[in-house]
Peer 1: 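Below is one structure. I have some questions about it.
A note on names: the letters A, B, ... follow the listed sequences, proteins ahead of strands, and every chain is numbered from 1.
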Amino acid sequence: MMAVQLWQLLDLLLAGLTLGLGWAAVSGPDLRRSVVFFIAFGLLVAVVWARLRAPDLALAEAAIGAGLSGALLLSALRDEPDAETSDDVRGGPVAALVSLAGLALAAAFAWVMIHTLGAADPVRLADQITAQLPNSGVGNPVTAVLLNFRAYDTLLELAVLLAAVLGILALGPARTPYRAAGPLLDGLIRWLVPLLILTAGYLLWAGAHAPGGAFQAGAMLAAAAVMLRLGGHTIAGLPRPPMQRILLTAGIAAFVLVGVITTGLGLAFLQYPGGWSGGLILLIEAAATLAIATTLALAYIGGRPAGWVSEGSADTTTKIGGRD
Amino acid sequence: MSDLLGILFVLTGIAFFAAGSIGVLRLPDLHSRLHALTKADNLGLGLLCAGLAIIDGGALNAVKLFLVWVLVLAASATAAHLIAQQALRQADK
């Protein structure tokens, strides 16, 4: 009894802190401070997911929501030193309208939640998933949903990621690289990058039966790329551009290939033949991990790295450092 | 008995965290704040991990907790060094 109350107290504290940090992240005029608050907010949200017994989401939130998004925001700030303070965070009719719309959305969401949670005979998706889990080829329900039950959705998610990175590549040459790291940071990078690669491989493999999977593993690899880039490695450990193109599309390619083959076998698109599910899921996830990692690394580099010269255009962006 | 020992370790660790937090809030300049933060948190986290490992009792989890501590130790020491170095550079200008 005591223990339950203690947990409830901790949960209340967590909820309050999350709201407070969220407010701190959007309300202040100092953007650098806001970004730091946002990173702390992301870590707390990860703890919230862990408390809700959603470790997959907690991992993804910590790695992508707090870690990589934070790194992206910080590097964007570095590019725009003039924009470090924004004077129109508060006030202005647009800001007021956005706040109102947000409040209305939250109220509508709360209303829907209250009504659906209280429904007499709810359809529990979790029960259906648990019932079908033995047929999915994997033991982790999240992976089963993402790569089997709704694999089509995940294929489209990878397409969204590809579209996003194409937009980033179209923006222009890469951001100014960082200067070479000092001996201490360089030592840490040399030590952490292999560890991150190892962790990514573990998460990819573990995704079949425990929390993990392509998105978390890809984020780990991308974190290694971010570390390398911060340490002064201009292309963040990525291979040469032709290989980058292959890696970027690897996830979708694997998905579509499997889909086309299953269609050829007379099954539905992405309906895995019996007994093959586990292996096919691992194959798709491995390709998706590489694609996600390359996408996130290129997003962090913030544009075309050296060597991305497209034929037929007067594109001379082979030099790195230009930001014009 | 081992539970009691573990709880003792955790509480000592929390005391170090509290001291470090008070140091960050109260100390006058960046370098002494960094000193308070890294020293106290590293020792605090070490004691916390040791306490949790004792309470858990499993060897595998003890290794994992030890790894957590070592990683945070390396990262926070490097981060503190970088922040201090940057502060010195800016002071020189």
Side-chain angles (χ1 to χ4, degrees), chain A residues 2-3 6 10 13 17 32-33 35-36 39-40 43 46-47 50 55 58-59 62-63 66-67 70-71 74-75 77-78 81 84 178-200 202-203 206 210-212 220 223-224 226-232, chain B residues 3-4 6-7 10-11 13-14 17-18 20-21 24-25 30-31 33-42 44-46 48-49 51-52 55-56 58 60-93:
Chain A
M2 266 303 286
L6 191 63
L10 280 176
L13 191 69
L17 267 175
R32 189 167 291 271
R33 183 179 280 256
V35 170
V36 173
I39 295 171
L43 287 175
V47 177
L59 274 174
L74 283 177
S75 72
L77 268 188
R78 173 176 172 262
E84 247 175 59
Y178 293 78
R179 63 162 173 264
L184 201 61
L185 180 57
D186 199 49
L188 185 71
I189 292 171
R190 273 166 204 280
W191 201 55
L192 277 186
V193 166
L195 211 59
L196 280 165
I197 294 171
L198 189 71
T199 314
Y202 168 74
L203 281 172
M220 284 293 142
V226 168
M227 284 218 70
L228 284 170
R229 170 97 177 150
L230 282 172
Chain B
D3 268 16
L4 219 62
I7 288 170
V10 170
L11 285 179
I14 289 174
F17 270 105
S21 308
V24 170
L25 292 173
L30 185 120
H31 297 284
R33 278 184 199 157
L34 273 180
H35 163 84
L37 197 65
T38 48
K39 300 285 188 304
D41 279 6
N42 288 345
L45 185 68
L48 208 67
C49 287
L52 291 177
I55 293 173
D56 182 75
L60 187 62
N61 280 341
V63 172
K64 285 180 189 169
L65 283 164
F66 179 73
L67 267 179
V68 166
W69 181 58
V70 170
L71 280 171
V72 172
L73 211 61
S76 77
T78 312
H81 167 76
L82 289 176
I83 293 171
Q85 196 180 38
Q86 184 67 21
L88 274 179
R89 275 206 195 107
Q90 274 172 356
D92 280 348
K93 274 179 198 164

Peer 1: Please round to the nearest 0.5 Å and tell me the distance separating atom CG of B:Leu82 and atom CG of A:Leu230.
Peer 2: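 If we round to the nearest 0.5 Å, B:Leu82:CG and A:Leu230:CG are 10.0 Å apart.
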Peer 1: Grab the two heavy atoms, one from A:Leu188 and one from B:Ala74, that are nearest each other, plus how far apart they are.
Peer 2: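 Distance-wise, the nearest heavy atoms are CD1-CB, 3.7 Å.
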Peer 1: For atom OH of A:Tyr202, is the number of surrounding heavy atoms from other residues, nucleotides or ligands below 6.0 Å larger than 12?
Peer 2: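 No, OH of A:Tyr202 has 12 or fewer neighbouring heavy atoms, counting only those of other groups under 6.0 Å.
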Peer 1: Could you grab the distance from atom CG of A:Leu185 to atom OG1 of B:Thr78, nearest 0.5 Å is fine?
Peer 2: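 Reported to 0.5 Å precision, the distance equals 7.0 Å.
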